Structures are given as structure tokens and as C-alpha cells.
Amino acid sequence: RFFPSKLISKDVRLSIMGIGASSPKKNFGKAGSERQLDESLVIRLLDKDDYSKGYLTLLSQLTTVGEYSKEQFQQRWEEINARSDTYRIYVIEDTAKNRIIGTATLLVELKFIRGCNSCGHIEDVVVDSSYRGKQLGKRLIDRLREDARNMKCYKIILDCSESNQAFYEKCGLQRKEIQMVEYLSA
């Protein structure tokens, strides 16, 4: 059985060049979620105030987002925050520009198979086009993998376009089977 208190990791910030200590920001109620990637890039959980830092604009580089007010964004954040044992949305913030430049989501599905374990679904992985090629997407996937292990997932899966297959293989995932989809009208 999953207990959120087991997810709390030690409070560290990792730097590309070394390791240093810091105080983590509080996001989705989890300590130790913030990690320094370099002088101005920080990987952390999505915050209620990230609307004004371009989170939805970043997502629009991946797919159709739609128009949302700040209030709608914050209401959805509250819904997700209430399910922190199921949802993990990480962002990379360029603190020098006060801008979200990367994101990825982990959704945890509870299963009856494999001894009532869980399966992690990776979704909505995108790095701003001007920051690509710097291993930031891989850092996001690594962070989701770490959380999936801590949440006792027996596997992580994702769907991607064939043009992104090589990237995910570099992240340690392998192609398996096919995806089926039916889009439902709302």
C-alpha cells in the first residue's frame, strides 16, 4: 500500500557541476522536490503561481491547450494537489527569467496485477524549443522515474510520436507494442 509520507526525500539540490544544499520550495506538499540544475535552472513540482510563469504557453509547444484564466488554472492545480499520491507534475524554471521552460507529468495507476503494484504513466513531456539539446528532458524523465520507484511502480510507460522514439530510448525506455486511441467529445 502507498503512503505519501514515504515519498519525502532528503532536501537536496543537485547541480550539473556538483552538489549543494538549499531549502526546497513547498509544492504539492512534498519536501525535497526542488533540484538546482545550473545557476538559473531549477527542477521542482508545479506551483499554483506557475500560470504567470508561462506554464500553459509551454504546454502549447506540445499540444492544443485552450484558453484558461488564472483562476481556472489555480482551481485545477488545487484538484491535482489534492491527489499528490497520483499526480506529479514537475517543471523546470529558469529563475533568471522567471519562466517555466520544461515540464513532465507522472500519473500513478493502482493495479490488481503484479501483487497490487502500480504503473506509472508519463505524460506531457516538453522542453521549450529554445532550451532543447541540453539534457533537460532527460532530467525530467529521470526525476519521474525516481518518483515512480518511490511510489512502488513496477513499470513506467508513455506514448510518443515516432519522431521522439530516439529521445526516449536515450532515457532508458524501449519500444513495446502499440497505442490505440479514441478521442471523446466533451
Side-chain angles (χ1 to χ4, degrees), residues 7 9 12-20 22 24-25 27-28 30 32-47 49-65 73 76-77 80 84 86-109 118-151 153 155-179 181:
L7 293 177
S9 60
V12 296
R13 287 168 78 140
L14 299 180
S15 166
I16 290 173
M17 302 306 290
I19 298 174
S22 76
K25 289 184 179 180
N27 297 294
F28 291 111
K30 303 295 178 235
S33 63
E34 182 178 306
R35 294 185 179 182
Q36 191 77 30
L37 299 178
D38 72 11
E39 273 198 35
S40 66
L41 300 181
V42 176
I43 186 170
R44 60 172 175 77
L45 288 164
L46 181 70
D47 187 75
D49 297 322
D50 286 337
Y51 178 88
S52 61
K53 295 180 180 181
Y55 178 72
L56 296 178
T57 301
L58 173 68
L59 282 178
S60 72
Q61 292 184 30
L62 177 67
T63 191
T64 303
V65 175
F73 176 87
R76 178 51 49 108
W77 183 90
I80 291 169
S84 63
T86 303
Y87 288 91
R88 292 294 170 84
I89 303 175
Y90 281 93
V91 296
I92 298 176
E93 180 182 357
D94 184 333
T95 57
K97 297 180 179 178
N98 204 29
R99 184 172 152 218
I100 303 301
I101 56 92
T103 189
T105 300
L106 174 69
L107 294 124
V108 177
E109 174 190 7
S118 300
C119 172
H121 296 262
I122 295 176
E123 292 283 339
D124 302 336
V125 179
V126 63
V127 172
D128 185 274
S129 59
S130 63
Y131 288 81
R132 292 180 189 158
K134 299 178 181 185
Q135 302 282 314
L136 299 176
K138 183 180 183 315
R139 298 294 295 264
L140 285 164
I141 297 296
D142 290 345
R143 182 65 186 147
L144 295 181
R145 180 183 292 113
E146 180 182 333
D147 277 14
R149 280 191 181 113
N150 290 337
M151 297 169 89
C153 294
K155 71 177 178 179
I156 53 174
I157 59 176
L158 62 82
D159 296 320
C160 70
S161 65
E162 289 193 29
S163 63
N164 289 330
Q165 179 178 338
F167 165 75
Y168 290 111
E169 287 173 343
K170 289 177 186 175
C171 292
L173 288 98
Q174 57 186 324
R175 185 180 179 126
K176 183 173 170 62
E177 300 170 358
I178 62 171
Q179 171 199 45
V181 66

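Since this is a predicted model, take the numbers as computed values, not measurements.
No option in I157, D159, I141 other than I141 meets the side-chain contact (heavy atoms from CB on, under 4.5 Å) test with I122.
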Evaluate L158 against V125 for side chain to side chain contact (heavy atoms under 4.5 Å, CB included), listing each step before the verdict. CA-CA 10 Å; L158 62 82; V125 179; 5.5 Å; no
Under the criterion side chain to side chain contact (heavy atoms under 4.5 Å, CB included), I'd like the reasoning laid out for R44 against E93: C-alpha separation, chi angles, the key distance, then a yes or no. CA-CA 8 Å; R44 60 172 175 77; E93 180 182 357; 2.9 Å; yes
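Annotation for G102 and L140: closest pair C-CD1, 4.0 Å, computed over non-hydrogen atoms. Shortest non-hydrogen contact noted between D147 and R88 is OD2-NH1, 2.8 Å. For the pair G120 and C153, the tightest heavy-atom approach, listed with the atom from each and the gap, is N-SG, 3.6 Å. Here the closest non-hydrogen pair linking M151 and S84 is CE-O, 4.3 Å. Across A148 and I156, no two heavy atoms sit closer than the pair CB-CG2, 3.5 Å. Among all heavy-atom pairs drawn from L62 and D124, the shortest one is CD2-CA, 3.4 Å.
For Q174, the CD atom sits in a loose shell: 12 or fewer heavy atoms of surrounding residues, nucleotides or ligands are nearer than 6.0 Å.
With hydrogens and angles disregarded, a donor-acceptor distance shorter than 3.5 Å links the side chain of R132 to the backbone of V127. A donor-acceptor pair is defined here as one N or O able to donate and one able to accept, closer than 3.5 Å; such a pair exists between the side chain of D50 and the backbone of D47. T103 places no side-chain N or O within donor-acceptor distance of the main-chain N or O of V91, the cut-off being under 3.5 Å. Looking only at distances, a side-chain donor or acceptor of Q61 sits under 3.5 Å from a matching main-chain atom of S129.
Rounded to the nearest 0.5 Å, atoms OH (Y168) and OG (S161) are 8.0 Å apart. Taking CZ of R76 as the start and CG of L56 as the end, the distance is 11.5 Å to the nearest 0.5 Å. Note: L46 CG to T105 OG1 = 8.0 Å, rounded to the nearest 0.5 Å.
Ion pairing between E146 and R143 holds under the 4.0 Å rule for side-chain N and carboxylate O. Taking the charged nitrogens against the carboxylate oxygens, D142 and R145 do have a contact shorter than 4.0 Å, which makes a salt bridge.
Between H121 and E109, the closest side-chain pair of non-hydrogen atoms falls below 4.5 Å. Residues Y87 and L107 form a side-chain contact, since some pair of their non-hydrogen atoms from C-beta on lies under 4.5 Å apart. Using a 4.5 Å cut-off on side-chain heavy atoms (C-beta onward), Y131 and I92 make no contact.
Partners of Y51 according to the ring pair (Phe, Tyr, Trp, His ring centres under 6.0 Å) rule, which considers only residues two or more places apart in sequence or in another chain, are F73. In this structure, the side-chain hydrogen bond (donor to acceptor under 3.5 Å, both in side chains) partners of Q165, at least two apart in sequence or on a different chain, are E169, R175.
Applying the salt bridge (charged side-chain N to carboxylate O under 4.0 Å, His left out) definition to pairs two or more places apart or across chains, those involving residues 96-107 are R99-D128.
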